[in-house]
Each structure stands twice: as structure tokens, then as C-alpha cells.
Amino acid sequence: MRLLRRAAAVVMLLVSAAGIQIVQGGPAQAAPPTAAVALGDSFISGEGAGNYQPVVDTSGTAQNFPGWSAANSNAYFCHRSANASVFAAALPGIQQRFNLACSGGQPADIAAPSSARAGGRTVASQLDQLRAVAQTHDIDVVLVGLGSNNTQFTFGDVATLCANRFIADAWTGWWEFWAYLGGPVPQKPCSASDLATDTEVAAATTETTAALRQILDTLAQIDADGTHQVILQTYTNPLPPDVASRYHEEDNRSDTRDKFRALGAERYAAGCPIHRASLAPGLVFSQNLGSLVRNAHSTLAAERPGADLRVLDVQQAFDGARLCENPDSPASALATPVRVQDGPSGTFVTSLSGWDKIDIQRAANTCVTYFQTCQESWHPNAAGHAVLGQCLTAASAAAPRAIVACARNPNGTLTIS
């Protein structure tokens, strides 16, 4: 009898090793395939990386590209890219990958449909989408990028604010503000408080932490084997601390002069229509987003010491390859340039040379009315997501509960620490 028991034990071990689960009193069942899942906002969905895939909306319809003049609330404009980092990463043992992130995603979209708030898209809550994956898959890796959009500020609004001030300053003289526009139009460089105050960052941290807590709670309920790693990714800055010297002046005019159209056109063509004085506040904003994610991690790691909750810090992952950091920008950059369309035509304007302020206003209005025509601006491009994929590979392979920093070296290699 002892030999029979030993033989039975060996058989069960062999069957288990082959990926078969034994259910006492019933037939053997195959273990569900393992999955990696991406949740969050545009820096995770793949905004800017192209090759966008159909997205199922709340009615169960897979939305393909609906045209440039369609409502921006269309699920397709979540811009889930096949080039996103979750697909680019090497994740041994993972059999399938799911991108549930949505461009413009906010903490509220984790537990509630995005359409429940102003400006949201017609997609189910990301937790409901996650539960659907868990019905057929064993979730082992969860990549989360969350916090750059919230009830206090959004990345898109911050980027638009600074770019618009530069464009207004470059194309419209101070006297024209009064003569043609009836009063002053903001044209000064952005300050740190323009982008996000300390109070706003604190409130955004609280929002984000609460949403991340909901993700962890849901995973504890639905994960097939209860074992998974959750990787919280910070944000890359698409812009450098200063632009290359080529972009400092044009026609002997810097961006501290009144009206500098030639320089404005040059920086737009390079992808960085922004005052040099706005770059330092932009860096502070980027650092604040990194602190937001790390502080959320610290809170949750203290609450749940047994959870495999990791941080992937990618704030320096694009160093040396940011927009206007090199004279050939945007060709060598890992981020998308600012681009608008002159009407929802599908044709991006790559040069503003020779444009007057009326032309500029028309293109700006296109972006406002049809946000999808410009929403790719200042996001990681396909090459950038390939780099982020390498960073994700390292974070997934690190020790449980690790904090991993991924920084780009001058020769293009990455240092993982």
C-alpha cells in the first residue's frame, strides 16, 4: 500500500509539472494560460507608438478607426498600440498579453467606466476588463501607469498650456493682443505652479493610491493562483533640461524677444514648441509625477508587506534622445513631436514656416475640437516603447518588491539599478 501511495504521488507530481491541475473527484483540467496585463493611461497604452488596435466599447462592439472627425470619446482613441511596452518586453513564462490601458485614463477609470466622467471614452472600467481576462487566464504580471491624469491636472492640459504660450508669443506681438484680441493672451513661459501645485500633486497622489489599492484588492480576488507581480511605472520626460544650441536663436531672435516666428517654426519642426524657460518647470512636473508613483508605492507596500509590488522608474530612460536634445530632432528622439492638423484631414503639419497668426489659430482650434488630431504629441514613439519594453523586462526579472531604475546611457545602452 505504501508503494502504491508513493507511485500515486509521483504521478501527481509529473502531471503537475506538465501544467495539469488535478481536481479530486473530477477530470483533470489544463492550467489556464499565463498573462501579462497593462493598465493605466497613455504612457502604457502606447499613445504615440502607432499600430493602434481595435478597442471594444461598452456595447461590446470592437471599434476600429472611426475617422478624424469622429467624437474623441470613441473607444478606438484609447490608442492601444501593438508596439506598446507590454508587448515589446521579454517576459519568460508569459503566454499571452493584454493591453487594457487607455490614453487619457484617470484613477476614476480603474473602477468606473471612463464614460462616467467628462472627457472619458466609451470603455468599461479597467477592473471589469481585468476580471474578464482572469476568467480565462492566470494573471502573473500587471504593468500599471497611473497618475499623470487626475481631477487636479492632466498631462495633455499641461503640455497644451506650455506649447500654446510659446506659439502665442512667437506669432503675435504684444500690441496685437490689444488691437486684435481685445486684451492680453498668456504668453509667458510656464512656471512650476502653472503646471501643478504641491497641493494638487498631494491630492493626485491620494487619488492614484486609492485606485491602485482597488487593483490590488481585485487581483487578490480573481487571480487563479494568487501569485502575481504588480509593476508601477513612472513617467518619461519627452523634453530635455535645455534644447540643443541650434534651437536657441533664429534670425538673431531668442524666445525672450517679442515675436520670433522663424524660431517658433524651427522649434515646431523639431517637435519642441516651448520656451527654454519652461523646460525647468517641466522637469519639476515630471519629477513630481515620479514622486507621486513612488509615494503611492510606499503607502501600499507598508499596508501589504506580502504583496509583490514593484516600481519601475523610467524618468531617465530617454536621456540623450529627447526632443530637441540633438540637432536632428525629431529624427533621433524617442518621443513624438508636437503635431497638429489644419482641419481633421489626417495630414499632419510638419512646418509652420510662413504661417500667420490666423493660420496658427485655425490649427489650434482643430486640436481643441478634434483632440485626436494632436493627442499623440509628446508621448513615447515606437522606438521609445521598445526601450520601455527593455526596462519592463528588467523590472519583471528583478527580485520581488524591487525598485528598479532604468536609465539611458550616452551610447544608447541602458543601465538598470
Side-chain angles (χ1 to χ4, degrees), residues 41-52 79 81 83-85 88 103 145 148 155-156 158-160 162-163 166-167 190 233-248 250 255 263-276 278-283 285-287 289-290 313-341 348-353 367 373-392 406-415:
D41 58 30
S42 58
F43 281 76
I44 298 295
S45 74
E47 182 70 80
N51 199 5
Y52 304 122
H79 275 177
S81 174
N83 298 322
S85 63
S103 183
S148 69
F155 174 80
V158 165
T160 299
C162 296
F166 174 82
I167 294 295
C190 290
Q233 181 180 296
T234 65
Y235 293 87
T236 53
N237 190 338
L239 300 171
D242 196 8
V243 297
S245 59
R246 170 182 173 175
Y247 307 114
H248 285 191
E250 188 63 47
D255 63 17
L263 178 60
E266 183 177 51
R267 284 202 197 151
Y268 175 85
C272 60
I274 190 170
H275 291 96
R276 289 177 67 193
S278 294
L279 292 170
L283 179 60
F285 178 74
S286 177
Q287 291 171 338
L289 291 181
D313 189 342
V314 295
Q315 289 192 285
Q316 293 186 282
F318 289 3
D319 282 13
R322 293 164 288 197
L323 289 162
C324 296
E325 196 161 14
N326 298 301
D328 64 344
S329 183
S332 64
L334 293 173
T336 56
V338 168
R339 289 292 179 258
V340 296
Q341 296 178 20
F348 290 100
V349 176
T350 58
S351 173
L352 297 180
S353 182
C367 179
T373 61
C374 62
Q375 73 179 47
E376 292 181 295
S377 301
W378 282 350
H379 282 84
N381 58 25
H385 271 277
V387 170
L388 295 177
Q390 295 179 56
C391 298
L392 176 56
C406 184
R408 185 179 181 278
N409 301 310
N411 64 359
T413 61
L414 298 174
T415 293

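Just so you know, residue 1 is the first one in the sequence shown, and it goes up from there.
Taking 4.5 Å as the limit, every side-chain heavy atom of H379 sits out of range of all side-chain heavy atoms of S81. Residues T350 and R339 have side chains in contact (heavy-atom distance under 4.5 Å, counting atoms from C-beta outward). By the 4.5 Å heavy-atom criterion applied to side chains, Y268 and V338 are counted as neighbours. In this structure, Y247 and S329 have side chains that are in contact, with non-hydrogen atoms separated by less than 4.5 Å.
Here the closest heavy-atom approach between residue L239 and residue N237 is recorded as N-OD1, 2.9 Å. Closest non-hydrogen pair, F166 versus D255, comes out as CE1-CB, 4.1 Å. In terms of heavy-atom proximity, L289 sits nearest to Y235 at CB-CD1, 3.9 Å. In this structure, P281 and S278 approach most closely via the heavy-atom pair CD-O, 3.3 Å. Between C391 and L414, the shortest heavy-atom contact is SG-CD1, 4.1 Å. The two residues L323 and A335 come nearest to each other via the heavy atoms CD2-O, 3.6 Å.
The 12-atom threshold is exceeded at CD of Q287, counting heavy atoms of other residues, nucleotides or ligands nearer than 6.0 Å.
Between Q316 atom CD and C406 atom SG the span is 10.0 Å, to the nearest 0.5 Å. The NE2 atom of H385 sits 8.5 Å away from atom CG of N83, with the distance rounded to the nearest 0.5 Å. Atom CG of L392 and atom CD of Q233 lie 7.5 Å apart (nearest 0.5 Å). The distance from the CH2 atom of W378 to the SG atom of C162 is 6.5 Å, given to the nearest 0.5 Å. Distance check, rounded to the nearest 0.5 Å: CZ of R246 to CG of D328 gives 8.5 Å. Rounded to the nearest 0.5 angstrom, R322 CZ and T236 OG1 are separated by 10.0 Å.
Ring centers of F43 and F155: under 6.0 Å apart, within the cut-off.
The backbone N or O of N409 lies less than 3.5 Å from no partner atom in the side chain of D319, so there is not a single donor-acceptor pair. Put simply, the side chain of N381 gets close to the backbone of A333: a donor and an acceptor are under 3.5 Å apart. Here the side chain of R267 pairs a donor or acceptor atom with the backbone of I274 at under 3.5 angstrom. A donor-acceptor pair under 3.5 Å links the side-chain atoms of N411 to the main chain of T413, judged by distance alone. Although no hydrogens or angles enter the test, the distance criterion places a donor-acceptor pair under 3.5 Å between the side chain of T160 and the main chain of G156. No donor-acceptor pair closer than 3.5 Å links the side chain of T373 to the backbone N or O of V340.
In this structure, S353 has no side-chain hydrogen bond (donor to acceptor under 3.5 Å, both in side chains) partners at least two apart in sequence or on a different chain. Shown here are the side chain to side chain contact (heavy atoms under 4.5 Å, CB included) partners of E376, two or more places apart in sequence or in another chain: E47, Y52, H79, F348. Scored by the salt bridge (Lys or Arg N to Asp or Glu O under 4.0 Å) test, D41 finds no partners at all (sequence neighbours excluded).
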